Structure formats: C-alpha cells, structure tokens
Amino acid sequence: AQRVTQPEKLLSVFKGAPVELKCNYSYSGSPELFWYVQYSRQRLQLLLRHISRESIKGFTADLNKGETSFHLKKPFAQEEDSAMYYCALNGQGGSEKLVFGKGTKLTVNP
Amino acid sequence: IAGITQAPTSQILAAGRRMTLRCTQDMRHNAMYWYRQDLGLGLRLIHYSNTAGTTGKGEVPDGYSVSRANTDDFPLTLASAVPSQTSVYFCASSATPGNSPLHFGNGTRLTVT
C-alpha cells in the first residue's frame, strides 16, 4: 500500500530562516514523488517532482530511498512562501493514482 | 486560458438533496480525478477516470458517483447529501494515468446543512 506521512501540520519560521518540510513515504516499489503547493485562495499546483531534480522558487527536494523520505527544503524562506504544502506519491506501474499526505501549513513571519 | 473549470464555486445544500459538481477540462487529458480536501485529513481521492468511458473508486467513494461520457467532462454527483460531505472538492486531470503531474481546478466549497 502507498502511504505518505507529513508529520507537521503547522510550521512557522521567520523570513530568511531555512525551512524544511518533512515527507516520508511507504511503498514497496520504485516511487515517484511530488510536492504540490496551495497559496491562499489559489488552486493547488505542482511545485516540483523528484525526477526533474530541479529547484523551483528556491525549493529543492531529494529522494532518499534509504530513509524513504522526500523532504522539501529552502535555505532562506520568504513571506510569499507561506502556503499549504502537500507531498504526494505515485507508485510506478502500480495504482495509477496519486496519494497525498495530509499537508503542512507553512507560515513565514516577517 | 487552458485548464480546468469547476462549477459552482460554492454551494450551501440541505441534507438529503441531490447535487452535481461540474468539472470540465480543455487540455485533452486522458485522466481525471475528484478529491475532497478536509482540514487535518489532506486530500483524499473520491473517484477517478483513466480515460473516457471508464471510472474507478478512490479512497472515499461512498455517497458519490461519477461519469465520464467524454474526454472533457467529469461530473461528481452526491445522490443524497449528508453533513459529513461538507468539504472543498477539487477536480484534477493529468495527461496520462499514473505519474504525470496533476492540474487542479479552483475547487468547489460545499456546505451541507
């Protein structure tokens, strides 16, 4: 079974501080992982996916298969990063359906 | 602008009433999905469709039905609404079923009284 765990419901940091949003997954095969973001009053949108290995808006996430983690990181948080972040997993060749974590609400204080 | 359109934006519905949430996409995506978003529970898949003419059950399908008569439309019907169906409903699509990114609509906020 696929499962995604985001242990923090709420995360609050100050502007300029590093931020890390945790995501752990459970899947027996080779997963594909995503981070989605929902800014206030906007639709959910893809932030990044692990196969792209890219940095979006200063965020990066590395898949660690040994720790079954896909933490989202940014070295210097900005106020506009305040949003709801969802980690999601799709099992390759598996269920064909994306499973989301429960989300972490990030607040970046001035 | 290409994307997903959901209607209505919000709705207050009396318990026991029937309601259809509409979802239309113009990206010619094969796969479409309905999720509900609840505080503390995240996004949970209700139903999905990998291609026109097929549908499948997600994590929380009870009380909901869907149809996929064509590529563009994927309506979600609540046959007899109950207060526990108060939620924000998101329709999404992806080019192919599986690991392609999801594109989301703006959501429908439904309150069942």
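The structure displayed is predicted, hence computed values, not measured ones. Below, chains carry the letters A, B, ... as their sequence lines are ordered, and counting in each starts from 1.
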Visitor: Under 4.5 Å between side-chain heavy atoms, counting indirect links through other Ile/Leu/Val/Met/Phe/Trp/Tyr residues: same cluster for A:Y39 and A:L11 or not?
Guide: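 Yes.
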
Visitor: What's in the same ILVMFWY side-chain cluster as B:V82, cut-off under 4.5 Å, chained through other members?
Guide: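 In the cluster with B:V82 there is nothing else; it is isolated.
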
Visitor: Any chain of hydrophobic side-chain contacts (each under 4.5 Å) joining B:M19 to B:F74?
Guide: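 B:M19 and B:F74: one cluster.
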
Visitor: Please classify the contact between A:Q38 and chain B as side chain, backbone, both or neither, with a heavy-atom cut-off of under 4.5 Å.
Guide: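 Side chain of A:Q38 only, per the 4.5 Å heavy-atom cut-off to chain B.
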
Visitor: Pick one of side chain, backbone, both or neither for B:L43, based on which atoms fall under 4.5 Å of a heavy atom in chain A.
Guide: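 Both parts, heavy atoms under 4.5 Å.
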
Visitor: List the residues meeting salt bridge (Lys or Arg N to Asp or Glu O under 4.0 Å) with A:K74, not counting sequence neighbours, and say none if there are none.
Guide: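 In terms of salt bridge (Lys or Arg N to Asp or Glu O under 4.0 Å), with neighbours along the sequence ignored, A:K74 is linked to A:D81.
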
Visitor: Go through it in stages, so that I can follow the logic: the residues are B:Y35 and A:L98, the test is side-chain contact (heavy atoms from CB on, under 4.5 Å), and I'd like the CA-CA distance, side-chain angles, deciding distance and then a yes or no.
Guide: CA-CA 10 Å; B:Y35 287 88; A:L98 207 57; 3.6 Å; yes

Visitor: B:Y64, B:Y48: one ILVMFWY side-chain cluster at the under-4.5 Å cut-off?
Guide: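 Different clusters: B:Y64 never reaches B:Y48 through Ile, Leu, Val, Met, Phe, Trp or Tyr contacts under 4.5 Å.
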
Visitor: Rounded to the nearest 0.5 Å, how far apart are OG of B:S94 and CG of A:N90?
Guide: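 Atom-to-atom, B:S94:OG and A:N90:CG are 8.5 Å apart.
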
Visitor: Heavy-atom distance under 4.5 Å to chain A: side chain of B:Q37, backbone, both or neither?
Guide: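 The side chain, not the backbone.
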
Visitor: With rounding to the nearest 0.5 Å, note down the distance linking CG in B:L39 to CE in A:M84.
Guide: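 Answer rounded to 0.5 Å: 7.0 Å.
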
Visitor: Would A:W35 and A:Y25 show up in the same hydrophobic cluster when neighbours are defined by side-chain heavy atoms closer than 4.5 Å?
Guide: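 A:W35 clusters together with A:Y25.
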
Visitor: Using modelled atom types only, decide if a donor and an acceptor are shared between the side chain of A:Y36 and the backbone of B:L102 within a distance under 3.5 Å.
Guide: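 Judged by distance alone, yes, a pair lies under 3.5 Å.
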
